[in-house]
Structure formats: C-alpha cells, structure tokens
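Below is one structure, written out as structure tokens, with a few remarks after it.
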Number of protein chains: 4
Amino acid sequence: MAKIAPKDKRQTILDATLTLLASSGFHGFSMKQLAAESGVAVGTIYLYFADRDALIADLHRLIVDDFAARVFKDLNDNLPIKQQFLTLSRNTWDFCMENRNATLSKGQFDHLPLDVLKTRHNDAWKNSLNPLITFYDKGRQANVLKPLPDDVLASLIFEPVIHIATQTQLGLLDINESELNQIIAATWDAVAVSGQE
Amino acid sequence: MAKIAPKDKRQTILDATLTLLASSGFHGFSMKQLAAESGVAVGTIYLYFADRDALIADLHRLIVDDFAARVFKDLNDNLPIKQQFLTLSRNTWDFCMENRNATLSKGQFDHLPLDVLKTRHNDAWKNSLNPLITFYDKGRQANVLKPLPDDVLASLIFEPVIHIATQTQLGLLDINESELNQIIAATWDAVAVSGQE
Amino acid sequence: MAKIAPKDKRQTILDATLTLLASSGFHGFSMKQLAAESGVAVGTIYLYFADRDALIADLHRLIVDDFAARVFKDLNDNLPIKQQFLTLSRNTWDFCMENRNATLSKGQFDHLPLDVLKTRHNDAWKNSLNPLITFYDKGRQANVLKPLPDDVLASLIFEPVIHIATQTQLGLLDINESELNQIIAATWDAVAVSGQE
Amino acid sequence: MAKIAPKDKRQTILDATLTLLASSGFHGFSMKQLAAESGVAVGTIYLYFADRDALIADLHRLIVDDFAARVFKDLNDNLPIKQQFLTLSRNTWDFCMENRNATLSKGQFDHLPLDVLKTRHNDAWKNSLNPLITFYDKGRQANVLKPLPDDVLASLIFEPVIHIATQTQLGLLDINESELNQIIAATWDAVAVSGQE
DNA sequence: AATGAATGAGGATTCATTCAT
DNA sequence: GATGAATGAATCCTCATTCAT
C-alpha cells in the first residue's frame, strides 16, 4: 500500500467520517466502522483526534470553512449587489452538488448540544461567513435588499437552495438549469426591495 | 396513582420521547430514560411499540400529522391564494412556536435510510400534505404563483420560516411581530408572480 | 439454576471479586472475568455497583468490617488487658486462616489513590476499629501497654501476625499451634511494659 | 541534550518507573507515560527490557537488592546481636525514609503469580538477604533471640517498622526520633529472649 | 541505537430487548 | 397488562508492542 503522509491520513479519516455520516447519519456511526472505512486501525484515529466529539467538531469546522470558501469564490464586491447575489447562490448550489456527503450530513450537525451550537453560530459569522455581513450591509444601505436582520436574509437566501439541493442529492427531485435559474430568481425576489428593474 | 387509559399511556410515552429528543437529541436518549420520563416500566414501552425504531417512526408520523393539521387550520380554499398563503405561513410559524420540542427535533428524523425517506416523502404529499397540492395547482393556474414544481414552492415557502423559527427557539434569534410579517411577505415575493398589487 | 435473591447476588459478585483479586491481583482482573466467575452477565454487575471503583470500594469496606467483627468477637473489656490482647491476636490469626482470599488481597488495597487511603484510614479508626482505641487507652493508662501512639501499637500487634498468616496462606510457611502461641507471645512482649509477671 | 550512556539510560528508565509506580501505582502506569517521564521514545524502552513484565521484575530485583545493601550497611557481625539488631532496624527505617518511591511501591509487587512469588522468596533468602540467616542463627544459638523460624523473626522485626515507615511516608503518621527508638526497642522485646539486661 | 506512528486485542461501560413473576 | 432484573452485543477508548525509518 502506498504510504500516506500524516496530513493526508488525517484528511482520509475526516473524509471517511463524512461518507459514513452522509450515508447513515450518527445512527450507525461507530469508531470501528470509521476505522474500516478509513482503512486504518481504531487506535490510529485517536492519534489524530482526541475523541469522537473532537473528530465531529473538526469535521464540522472543516465543512463550514469549505462551504464558505466555495460560496465566496469569484465574489467581486465591486459588482452590483444582484450580481454578487447570483454568484453566491450559484456557488451555494454548486457546493451542494459537488459535496454530496457534506450536503447530506448538514442535518446531522444541527443537533449538537445547545451551547455548542451557539458558539459555532457565532464563530461562523465572525470568521468564515464574515463577508456576508458586508454584503448584507451594503445591500440594505443601497436600499436594494430589504431591511431584515442578517440571519433572516441568510435564511431566505440559502435555506431554500440548500434544501432543494439536498432533495436533489437524495433523488427526490430533479432540477435542470432553467429551473435552477428560476429558483435563484425567486430567492432574489424574496430579499430584494421590489420595484427594481 | 390514577389509572391511565391505554390510549393515554401510549400518548404519554410519545410525549416523553419528544421531550427527551428535543432536550438532548438521540444522543443521550435511552429506553430506560424514556421509561423514567414516562413514568412507566421499561417493559411497558414494548407493550405499545414493537421496538425503538417503531417508536421513533410513530412519533415522526404523529408530528407530521400534527404539523399538517395545524398548518391547514382555518384554511379556506375559497379565499384568494395570497390570503391562503398568509394563513399557511402564519400557521407554520405558530406551530413552531407552540411545539418547541417538535421543532427542535426536526433534524433528528432526517437520517433514516434513503428508501424510508422516499416513502415518507411520498406518503406525506399523498396524505397529510395533500391540500398543498391543490393550493399550488390553483395558484399556478391563476398565474399568481410562479410555475415551479410543488417541492420547490414548498421549499421557498416553508424552509425559511421553519429555519428562522428554529433559531428563535434556540435563542439565537429574536423575531417580533413586525419582523415576522416582513419575513412572510418576503417568502410571498419569492413564490408570487411579480407585478401583482 | 436455583434463583438467587438480589442480596445474595450482590454478595456473590463481591465474593467472586475477592476470589479473583486473591488469585491474580488487580492485574488480570476484568469485569468480564468477574462476570464469568460470578455466573452473571457483565451488565448485571452494573445493576449492583455503579462502576468498577465502587465495587472495589464496597468490597474493601466489607472486608474491613468483617475483619473488625471477627477480631472483636468474644472480646470482654472487663478482662485483663493481656487476656483481651490474646483474644484479639488469636482472632486476627483465625480471620486470616478462615478468609484466605481477603488475606491475600490485603496488599491490593494498599495502593489506592492517596486521598482515598487517608479517608479510609480515618473512617476505619472512627468506626469499625473504634474498640481498639479504648483497648489501647486502658492499656496505656494501666501502665500495661507501652506509651506509644495507637497506630504504632496496631502495627506492632497486627502486622507480624497478618504477615505470617499471609505467608502461611501462600504456602511459604507452616505454623503449628505451639509456634503460633510463641508468635503471639512475642508481639505481647513488643507492646507490653516489661517487668510484668 | 547531553548524551546518556546506555547503562545510565537503563537506570533512567528504572528510576522513572519507580517514580510513576509510587505516585500512581500500577493504575495509570503506561509505557507511553514511562517514555515521557524517562525522556526517551517508547520503542527505546524495548531495547533495554524484553517487555513490561520484565521491566517490573527487574525493578523489583533492584529494589530488593538496594534494600539489602542498605540494611546491611555498617553491619559488623562481630558486635553483639543487639547491637547488630539496632543497626539493622535503623537501616531499615532509613531506607524507607530515603526511598519513598520504593517504600510506597512495595505493595505493588505483591501480586505476582504464586510460583513467581515462591521463587523470589527463596532467591531473596539465598542471596541478598542471606546475611540475615547468619544473624538469626547466631542469635538463637546464643539464646539471645527466641527460637523462632527465620521468616517469623523477620516478620516480627521488619514488618512493624516498614509498616510504620510507610504510614509516615503517606503522611498518616508522624514519628520523631524518640518514638522511633521506642519502636525499635519494642521490636527487640518481641524477638529477644526476656530476662536479659 | 533510537524513534514514534501504527496496530488491534482487550478494557470498562451502556443499552435495547426479553421474560419470569 | 405491568414490571424491572437480567442479558450480552456493541460502544468508545487505551495501551503494550512492533517495525519502517
């Protein structure tokens, strides 16, 4: 077997975790199973992660960061808000399509203990999701986006797209290019101040 | 202690299950704990439910039905589409506020096996959510709702509201009456054909 | 298999623990092995003891109490100090002979964490070993026992007998009645004020 | 870091083992921890010791030898038995005071398999403890020591002192010079033929 | 000689489920 | 119907030992 550099082995384990979470959720996820999926011994996992919770937490952070990186890709904050919005939405959709496991695992992370959730939420907005704050601010000040709180704008923009992407990944739905454009247009209507051309 | 009628005992157990799921998720949920919370013996639970999975499945069905019942409450399909929409959205919000446990547990049910999920999805649309189909059909035919698939309309209408309600229940967000109206108005903008008064 | 009353089952497990500790010490003592030795399932042990440590602690308390009960058997504190001494020493020896497992396990308990040890030590003197305090006090006041601290008198009286009994139980030594009397006489010489008839 | 000569490295590991055993017992003793305490890599330990058991066994032998060396220090077998006795007892006490780790670890070694114990016992008397045999023989023949077996005399002389020293090291007891002399005098009374000046 | 990443059997503990009362 | 003691497979995690570098 080819040698794996430590960094890669850590990543291999994280990838395997995501694969398992996506296919069966936390239910039916065991360290033994993870070891098998990762192609390493159980003990090896503990060389890279303090314990099960640390592993999950690390994975979560990684996904949020990956998501943020992908969502803000090619974002030019000199372009008009609508232009930026289209990039953000399209990137969101693309991330979900390109990262089936991460997309399907999203719900699994929603039910960590309450205090952990709060911390994560704040962390995310302060760090990886920070550019969104600027985007929302500019949009509201230019009277292009409705005067709603950041969290609300985020929900209106991302939740429908992510939910539809998830259903698509599950095979419950099939969306073509034209429909996708309509969906994104619809979420724009949700957050945009009406009466604009 | 007062005798409990069998039907009530079954319900008592389901209620206790929801309470436990909402407060600690599947993690830290055990049949023993459930017995304690329900005030019955462990063995008794098995008189009313085949096994743990059956219990969870029953609870899920129950919640979906409750949700549907609440969402369609006071819905008059003779009223204009927008009027109906407002009722549906407001009911959705109210259900989330009145059923904290059910709202917070939503994510817990998302990772059943894929085939089960598909069956549930189809069941839901054919039964409890069936009135929505009529609503969407009418709306599209009247050229009031955008010509998008049912699932997509559902995502655009319900996901943002439910997500915002969940955040509110978690204490991450605080929404007042005026903001709620704006949010609902925004989701209407998302699905409504534009250019209407 | 005959039914075992709960009280007896608890005792069965404690007995089995002692047997295992005596034969192999803490090294090679596992809950699985204990279950086998006790004739119960692993989980059953946890119905009677919170965890491994609680089991060990309970056993220790039990042994100390048994030891005390046996040592003070037939002790008449109206009799002369020497008479009482002889009873105590003989009882100590008899306890060791009658409780091979407890005797051989003694050393195992000596290396619990330091704070636990201190607590145990104080507890023992305040409770089960309390009659010894009276015995020592009387003896010193009557100028029959040397004016040494309680702990020191205890060491001089009990350690040699217990150590010799342990060696005997291990088969490293063989002591007959006459030798035993000489040993006890020797420990009397150690603690008695000399010059008495 | 300064190079360490092989012999020294072996000793370093043994010292570290003793330190760890004394502070936490076998519980919480691991080869990894030992490596850290010794300042070497885990694998290095296996260059000097076949395995964990061999390491422990070696350490045990080393302690017994150290103990013997210390106990017989300055022993002049031309001096009167009592004089020699005083030296032996005082040396024993001093060893315990100077070797806290060894003293506290004593109990840890008691539960090796029975046959190993017998072999060790015989070995000790034939080798490192050999001078005691002469001492006892002379004492008994001179009618100064009571006619008791070697093991019994050893128990009467050493067990109380070692036990009291251990308690002192644990902080359960505090012994001053005067008390120590009384204790040693008491053990002399235990083994000496009475009626001597 | 020395390292420490990797291994996997074995440890303590939990928990869904059964069944005799 | 109702109970809860008993079960033992399955869980997470540890740690003595090996071996390629």
Side-chain angles (χ1 to χ4, degrees), chain A residues 1 3-6 9-10 28-36 38-55, chain B residues 1 3-6 9 27-36 38-56, chain C residues 1 3-6 9-10 26-36 38-55, chain D residues 3-6 9-10 27-36 38-56:
Chain A
M1 197 199 299
K3 233 355 185 357
I4 301 181
K9 189 165 283 190
R10 202 188 135 86
F29 170 85
S30 79
M31 299 304 274
K32 201 171 183 178
Q33 197 179 56
L34 174 56
S38 309
V40 302
V42 190
T44 305
I45 300 172
Y46 290 87
L47 292 177
Y48 295 94
F49 303 93
D51 56 20
R52 193 181 184 277
D53 285 350
L55 165 67
Chain B
M1 193 199 302
K3 267 293 195 36
I4 300 180
K9 191 166 280 190
H27 179 81
F29 170 84
S30 77
M31 299 302 274
K32 201 171 181 178
Q33 197 180 55
L34 174 56
S38 308
V40 301
V42 198
T44 306
I45 300 172
Y46 287 85
L47 294 176
Y48 295 94
F49 304 93
D51 58 20
R52 193 180 185 278
D53 286 349
L55 165 68
I56 300 292
Chain C
M1 196 200 302
K3 233 352 186 359
I4 300 181
K9 189 165 281 190
R10 201 188 138 87
F26 279 122
H27 177 81
F29 170 85
S30 78
M31 300 303 273
K32 202 172 183 177
Q33 197 178 57
L34 174 56
S38 307
V40 301
V42 196
T44 305
I45 300 173
Y46 290 86
L47 292 178
Y48 294 94
F49 304 93
D51 57 19
R52 194 180 183 279
D53 286 349
L55 165 67
Chain D
K3 264 294 193 38
I4 300 181
K9 190 165 281 191
R10 200 187 138 87
H27 179 82
F29 170 86
S30 76
M31 299 302 273
K32 200 170 182 179
Q33 196 180 57
L34 174 56
S38 308
V40 301
V42 199
T44 306
I45 300 173
Y46 287 85
L47 294 176
Y48 296 94
F49 304 93
D51 57 21
R52 192 181 187 276
D53 286 349
L55 165 68
I56 301 292

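On a predicted model such as this, the values are computed, not experimentally measured, just so you know. Any value given below was found using the heavy atoms of this structure, including those in side chains, with hydrogens, waters and symmetry copies removed. Naming convention: chains lettered A, B, ... in sequence-line order (proteins, then strands); numbering from 1 in each chain.
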Inset, instruction - State which of dA16(E), dA16(F), dT3(E) makes the closest approach to the side chain of Y46(B). - result: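 Nearest to the side chain of Y46(B) among the choices is dA16(E).
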
Inset, instruction - Consider the side chain of V40(B), meaning its heavy atoms from C-beta on, and name the nucleotide among dT7(E), dT3(F), dT17(E) that approaches it most closely. - result: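 Closest nucleotide among those given: dT3(F).
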
Could you state the [atom1]-[atom2] distance from [X] to [N], rounded to the nearest angstrom?
| X | N | atom1 | atom2 | value |
| --- | --- | --- | --- | --- |
| L34(D) | dA16(F) | CG | C1' | 12 Å |
| L55(A) | dC12(F) | CG | C1' | 12 Å |
| H27(B) | dT11(F) | NE2 | C1' | 12 Å |
| L47(D) | dT18(F) | CG | C1' | 12 Å |
| F49(A) | dC12(F) | CZ | C1' | 16 Å |
| I45(B) | dC19(E) | CD1 | P | 17 Å |

Legend entry - Atom pair OG/CD of S38(D) and Q33(D) - distance to nearest 0.5 Å: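 So the OG of S38(D) and the CD of Q33(D) are separated by 10.0 Å.
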
Legend entry - Validation row: L55(A), L34(A) side chains within 4.5 angstrom (heavy atoms): yes

Inset, instruction - Assess whether side-chain contact (heavy atoms from CB on, under 4.5 Å) is satisfied between R52(D) and F29(D), documenting all intermediate values. - result: CA-CA 11 Å; R52(D) 192 181 187 276; F29(D) 170 86; 3.4 Å; yes

Legend entry - side-chain contact (heavy atoms from CB on, under 4.5 Å) partners of A54(B), counting only residues at least two apart: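 For A54(B) the side-chain contact (heavy atoms from CB on, under 4.5 Å) partners, ignoring immediate neighbours, are A50(B), D51(B).
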
Which atom names give the shortest non-hydrogen contact between [X] and [Y], and what distance separates them?
| X | Y | value |
| --- | --- | --- |
| K9(D) | Y48(D) | CD-OH, 3.7 Å |
| A41(D) | A35(D) | C-CB, 4.0 Å |
| K32(A) | V42(A) | CA-CG2, 4.5 Å |

Legend entry - Watson-Crick or G-U pairs under 3.5 Å in DNA chain F, rendered as dot-bracket with [ ] for crossing pairs and | for another strand: .||||||||||||||||||||

Inset, instruction - Nearest-nucleotide wise, let me know which of D53(A) and D51(D) is further upstream toward the 5' end of DNA chain F. - result: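 The answer here is D53(A).
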
Inset, instruction - Taking only the side-chain nitrogens and oxygens of Y48(C), find out if one of them lies under 4.0 Å from OP1 or OP2 of dA6(F). - result: yes

Inset, instruction - Please determine if a side-chain N or O atom of K9(C) lies less than 4.0 Å away from the OP1 or OP2 oxygen of dA6(F). - result: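 Indeed, a polar side-chain atom of K9(C) lies that close.
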
Protein and nucleotides 9-11 of chain E: nitrogen or oxygen contacts under 3.5 angstrom:
none

Legend entry - 5' priority, DNA chain E, between T44(A) and A50(C) [closest heavy atom]: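 Final value for this comparison: T44(A).
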
